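Structure, as structure tokens:
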Amino acid sequence: MLSKQSHFPAATMSPPSMAAVFDKHGPIDTVIRLLEIPPVEISEKDVCVKMLAAPINPADINIIEGVYPTRVILPAVGGGEGVGEIYSVGSAVKTLSPGDLVIRSPYIPGSWQTYMVEEESLWHKIHEDTPVEFAATVSVNPVSALRMLNEFVTLTPGDSIVQNGAASIVGQCVIQLARLYGIHSINIIRDNPGSDEVKEKLIELGADKVFTESELNVQHIKLLLGDTPQPILGLNCVGGNSATLVVKFLKRGGTMVTYGGMSKEPVTISTSNFIFKDITLKGFWLQEWKLDKTKYRDWIDSLLRLVRAGKLKYEFDAVHFEEFHTALEKAMGKHGSQRKQILIF
């Protein structure tokens, strides 16, 4: 990490940058390529950031494929989240200094490159002791977990929630945050090889119950809860039958929030669940929750405090940027189920 005590010459141009660039939409493994971008001018209100780490998120892939609601101007650099270190600053920059650790807020495209030049206001300074892999990934998945637990129903200690996709980063964060709130978590995972090991890891994080989808093919699903109360909130990122299983667990008047569709199958709910259980269905898209920059940065800071305190963690694979295409294949599931891929610059 660059020392704040080091001498930094006044810079008007950034260093050249290696970047993952696409100039058309289509299958990501065919349209994106690594290129060297020439130096960029640094205006008086800009900062030049040396990127340290950036994840590959499903939304990043969808944006490049052209199937995401948010569009970018082409050609463009891929990636949304990321953490970096201030390399140099423009003459009118007041709040950031060379050596500061910063993350990109709000979510804007372009993090898959070694140097970035953007306006000072688009960067948020974070504590220098924050592990870069967690700083790089905090602003999407952990924030989603935090907001979904707080925005849709009023949860009190002793209540329960149920979720599918529990092994994802969002799922792992939901488990840990729920435990901190005194909330029970019922978790559904896929029937993949190694599911017993996944169960053990999620229970270590604080999960109360963990079931594979096949284990829930029973007539009276509520009997599996034992002494755990029926959940009032369900979180769905899979769709199809997995979403139906979430609804089956919900108590009367419960709410299911859908924030993803990993199975690419629709959410189908029986008429009886609406009539006799009065189930509410909601959707969550993080873009809609990022309009208040101050609140958003407060959420990020609170989550990173938990990370530094050892109270919030999740698994990932750190991959050097030169191995971008290998990391991309893993992120796309071409090598089976994989952990989050984080590019290290």
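The model shown is predicted, which means the values in this text are computed figures rather than measured ones.
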Quiz item: Looking only at atom types and distance, does a side-chain atom of S263 sit under 3.5 Å from a main-chain N or O of E265, one as donor and one as acceptor?
Solution: yes
Exercise. Without swapping roles, check the side chain of E81 against the backbone of V140 for a donor-acceptor pair under 3.5 Å.
Key: yes
Quiz prompt | Exam field: side chain R104 to backbone V83, donor-acceptor pair closer than 3.5 Å | solution = no
Quiz item: Are T228 and D208 close enough that a side-chain donor and a side-chain acceptor fall under 3.5 Å?
Solution: no
Practice problem: Drop me the distance from L233's CG to I183's CD1, to the nearest 0.5 angstrom. | Solution: 9.5 Å
Practice problem: Could you go through the ring-ring contact (aromatic ring centres under 6.0 Å, His included) check for F324 and W112 one step at a time? | Solution: CA-CA 9 Å; F324 171 76; W112 296 345; 5.3 Å; yes
Practice problem: Any chance you could lay out the side chain to side chain contact (heavy atoms under 4.5 Å, CB included) test for M332 and I61, step after step, and finish with the verdict? | Solution: CA-CA 8 Å; M332 296 173 67; I61 295 172; 3.8 Å; yes
Quiz item: Any side-chain heavy atom of C173 sitting closer than 4.5 Å to one from P142?
Solution: yes
Quiz item: Hey, does the side chain of K330 reach the backbone of Q341 with a donor-acceptor pair shorter than 3.5 angstrom?
Solution: no
Practice problem: Report the C-alpha separation of Y314 and S168 in whole Å, then their side-chain angles, then the decisive distance to 0.1 Å, and conclude whether the side chain to side chain donor-acceptor pair (under 3.5 Å) test is met. | Solution: CA-CA 9 Å; Y314 38 84; S168 67; over 6 Å; no
Self-check item: Atom pair CD/SG of E85 and C48 - distance to nearest 0.5 Å
Solution: 11.0 Å
Quiz item: Counting only N and O atoms by type, is there a donor-acceptor contact under 3.5 Å from the side chain of Q172 to the main-chain atoms of A167?
Solution: yes
Practice problem: Over 60° means perpendicular and under 30° means parallel, so classify the ring planes of F321 and F345, tilted if in between. | Solution: tilted
Quiz prompt | Whether over 12 other heavy atoms sit under 6.0 Å from E197 CD | solution = no
Quiz item: Do S17 side-chain atoms and T114 backbone N/O form a donor-acceptor pair below 3.5 Å?
Solution: yes
Quiz item: What is the distance from atom OG of S14 to atom CD1 of I42, rounded to the nearest 0.5 Å?
Solution: 5.5 Å
Quiz item: So, do V102 and L96 sit near enough that their side-chain heavy atoms are less than 4.5 Å apart?
Solution: yes
Exercise. May I ask you to decide whether K199 forms a salt bridge with E215, counting only side-chain N to carboxylate O separations under 4.0 Å?
Key: yes
Quiz item: So, does N187 use its side chain to make a donor-acceptor pair with the main chain of A166 at under 3.5 Å?
Solution: no
Exercise. Applying side chain to side chain donor-acceptor pair (under 3.5 Å), run through N141 and S144 and close with a yes or a no.
Key: CA-CA 5 Å; N141 291 322; S144 294; 5.3 Å; no
Exercise. Determine yes or no for a side-chain-to-main-chain donor-acceptor pair under 3.5 angstrom, with N236 supplying the side chain and G239 the backbone.
Key: yes
Quiz prompt | Flag for T12-E41: side-chain donor and acceptor within less than 3.5 Å | solution = no
Quiz prompt | Which atom of I64 lies closest to which atom of G78, heavy atoms considered | solution = CD1-CA, 4.4 Å
Practice problem: Measure the CD1-CD distance between I188 and E213 for me, rounded to the nearest 0.5 Å. | Solution: 7.0 Å
Quiz item: So how far is it from D278 CG to N273 CG, rounded to the nearest 0.5 Å?
Solution: 11.0 Å
Quiz item: Between V49 and G84, which heavy-atom pair has the shortest distance, and what is it?
Solution: CG1-CA, 3.6 Å
Self-check item: Close side-chain approach of I342 and I344, heavy atoms under 4.5 Å
Solution: yes
Quiz item: Do the rings of W299 and Y296 sit parallel, tilted or perpendicular, given the 30° and 60° boundaries?
Solution: perpendicular
Exercise. Kindly determine whether D46 and S43 satisfy side chain to side chain donor-acceptor pair (under 3.5 Å), including the steps that lead there.
Key: CA-CA 5 Å; D46 286 342; S43 74; 2.8 Å; yes
Quiz item: Any donor and acceptor pair, going by atom type alone, linking the side chain of H127 with main-chain N or O of D129 inside 3.5 Å?
Solution: yes
Quiz item: Looking only at heavy atoms, what is the nearest atom pair of K222 and Q230, with distance?
Solution: CD-NE2, 3.1 Å
Quiz prompt | For Q176 against K311, the heavy-atom pair lying closest together | solution = OE1-O, 3.6 Å
Practice problem: Please report the closest heavy-atom contact between A135 and I103, naming both atoms and the distance. | Solution: O-CG2, 3.5 Å
Quiz item: Would a 4.5 Å heavy-atom cut-off, applied to side chains only, mark M256 and L235 as touching?
Solution: no
Quiz item: Quick one: are T156 and Y181 in side-chain contact, heavy atoms under 4.5 Å?
Solution: no
Quiz item: Hey, does the side chain of R190 reach the backbone of G165 with a donor-acceptor pair shorter than 3.5 angstrom?
Solution: no
Self-check item: Point-to-point distance, once rounded to the nearest 0.5 Å, from CZ of R339 to CZ of F316
Solution: 8.5 Å
Exercise. Under the side chain to side chain donor-acceptor pair (under 3.5 Å) rule, what do R308 and T130 come out as? Steps first, then yes or no, please.
Key: CA-CA 6 Å; R308 292 193 297 273; T130 304; 2.8 Å; yes
